[in-house]
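Below is one structure, written out as structure tokens, with a few remarks after it.
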Number of protein chains: 2
Amino acid sequence: MIHIVLAEDQAMVRGALSALLSLESDIEVLGSAADGEAAWRELQRLKPDVLVTDIEMPGLTGLELAQRIQRQELPIKVIIVTTFARPGFLRRALDAGVSGYLLKDAPAEHLAEALRTVHRGGRAIDPQLALEAWSEADPLNDRERQVLRLAGEGQSAGDIATRLNLSHGTVRNYLSEAIGKLGVSNRIEAYRLARQKGWL
Amino acid sequence: MIHIVLAEDQAMVRGALSALLSLESDIEVLGSAADGEAAWRELQRLKPDVLVTDIEMPGLTGLELAQRIQRQELPIKVIIVTTFARPGFLRRALDAGVSGYLLKDAPAEHLAEALRTVHRGGRAIDPQLALEAWSEADPLNDRERQVLRLAGEGQSAGDIATRLNLSHGTVRNYLSEAIGKLGVSNRIEAYRLARQKGWL
DNA sequence: CCCCCTGCATGACGTTTGTCATCTGCAATG
DNA sequence: CATTGCAGATGACAAACGTCATGCAGGGGG
């Protein structure tokens, strides 16, 4: 019997996944949580074999949850189930020691299979995503990332400069750098591309 | 017995919702589809009582699907289940004659209840969202919307002008109008705000 | 010690944006 | 027919944007 805990912020999806997994005779859903902190408490309390978690959640994200489990050396495997086919996310997830990474685009049956594979000690990583993850590295440095994030919210170079204690010229330099590295032609495209790749 | 068809692009969520509803003894899931066109074909073939659909789907959106059902006067009720708490979306959904509008944030049990209410001839609209929907009207006209959409993808005024067969000055005028109406200070903020409100 | 690399700043440049006031053509309305 | 209204165009202006060459301080590492 595989004991699991579910973390997913959308209540309806959480309930539906729970129903889905409860149909499997070898899986038991011990509990579920709507955010990272609550999930952490459930893990301590219920000691499941596997945590199935989304990435985007209020408070603590799924990735941070995985990191915490890894650092505390808890004997709990982690499977990420997310909408985002972003190579950067998978990379970070693997660094955090997760055993599985599925997309919500994948057929529902894959989840139970992945759960069994992981419980057996194996890994279940979305194959096509795994390829992309190792192909393209994030070309941005910290400053470029920060600046791009703010630019994507509609802030001007001047605003960003104030926020980061830089000169407005420097901000424009970083932005220009980022635009160049990403091979696009303005800050908006740069933001969209970086976001889509999971480089944020 | 309530017969339904499910339209939702994320396979895992689709499967999970199907599992959830199948647990109810008075509900039967006749079929499901991953995009609007497929859903339309399933509706013709299976003649369900109710369609449960997401909004964001490739091809035909859930809103367009509802419109089509309304225009053809099919005896099929529609329940929208979506992530987006955007007043504009609810407004358009109601115009398209849908009977239910739930958020994925709502508890899973609400779905089955809503299904029964709607099947009985009632309406099931997320209450807090219903309030917002009548509070604020979309101030944008068609041109402004089009222009803003493209601007949000990073296109320059010139690009947009070419795409829409307008002069580049005119495009800037519309953009300026939109920025003014929304009370923001540049195209990026305008795009973000309009998107968040569901005005796209 | 010197060299080079990195992080940030500066200034100049041409382009794009955002704002206005004004103008044109066309259709609807009286 | 004249009048009004609307969609789109124009041109001018200041501000912000994107690019580039250059400068400068502070560390390492040779």
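Below, read A as the first sequence line, B as the second, and so on, with proteins coming before strands; counting in each chain starts at 1.
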Here the distance between atom P of dA16(D) and atom CZ of R187(A), to the nearest Å, is 11 Å
If you find the nucleotide of DNA chain D closest to N173(B) and the one closest to N141(B), which residue's nucleotide is nearer the 5' end? N141(B)
Nearest to the side chain of I179(A) - dT19(D), dT17(C), dA7(D)? dT19(D)
Hey, are R143(B) and E177(B) close enough for a salt bridge, meaning a charged N less than 4.0 Å from a carboxylate O? no
Would you call E42(B) and K47(B) a salt bridge, using N to O less than 4.0 angstrom? no
Separation of dC6(D) C1' from L166(B) CG (nearest whole Å): 14 Å
Just checking Q128(B): does its CD atom have more than 12 heavy atoms from other residues, nucleotides or ligands closer to it than 6.0 angstrom? no
Within this structure, what is the CG-to-P distance between N165(B) and dA7(D), rounded to whole angstrom? 17 Å
Interatomic distance where CD belongs to Q155(A) and C1' belongs to dA16(D) [whole Å]: 14 Å
State plainly whether the residues E144(B) and R149(B) are in salt-bridge range, i.e. N to O under 4.0 Å. no
Quick one: Y174(B) OH to dT17(C) C1', roughly how many Å, whole number? 18 Å
Would you kindly give the CD-to-P distance between Q146(A) and dC8(C), to the nearest whole Å? 9 Å
Answer yes or no: does a side-chain N or O of R143(B) lie under 4.0 Å from OP1 or OP2 of dA7(D)? no
Counting only side-chain nitrogens and oxygens, does S167(B) get under 4.0 Å of the OP1 or OP2 atom of dG8(D)? no
Measuring to OP1 and OP2 of dT19(C), would you say a side-chain N or O of S176(B) lies under 4.0 angstrom away? yes
Hey, are R92(B) and D95(B) close enough for a salt bridge, meaning a charged N less than 4.0 Å from a carboxylate O? no
When we call it a touch if two heavy atoms are under 4.0 Å apart, what does T170(A) touch: a base, just sugar-phosphate, or nothing? base
Distance, rounded to the nearest Å, where L140(A) contributes CG and dT6(C) contributes P: 16 Å
Students often get this wrong, so: under 4.0 angstrom with heavy atoms, is N186(A) touching a base, only sugar-phosphate, or nothing? sugar-phosphate
Whole angstrom value for the distance that separates C1' of dT17(C) from CG of L150(B): 16 Å
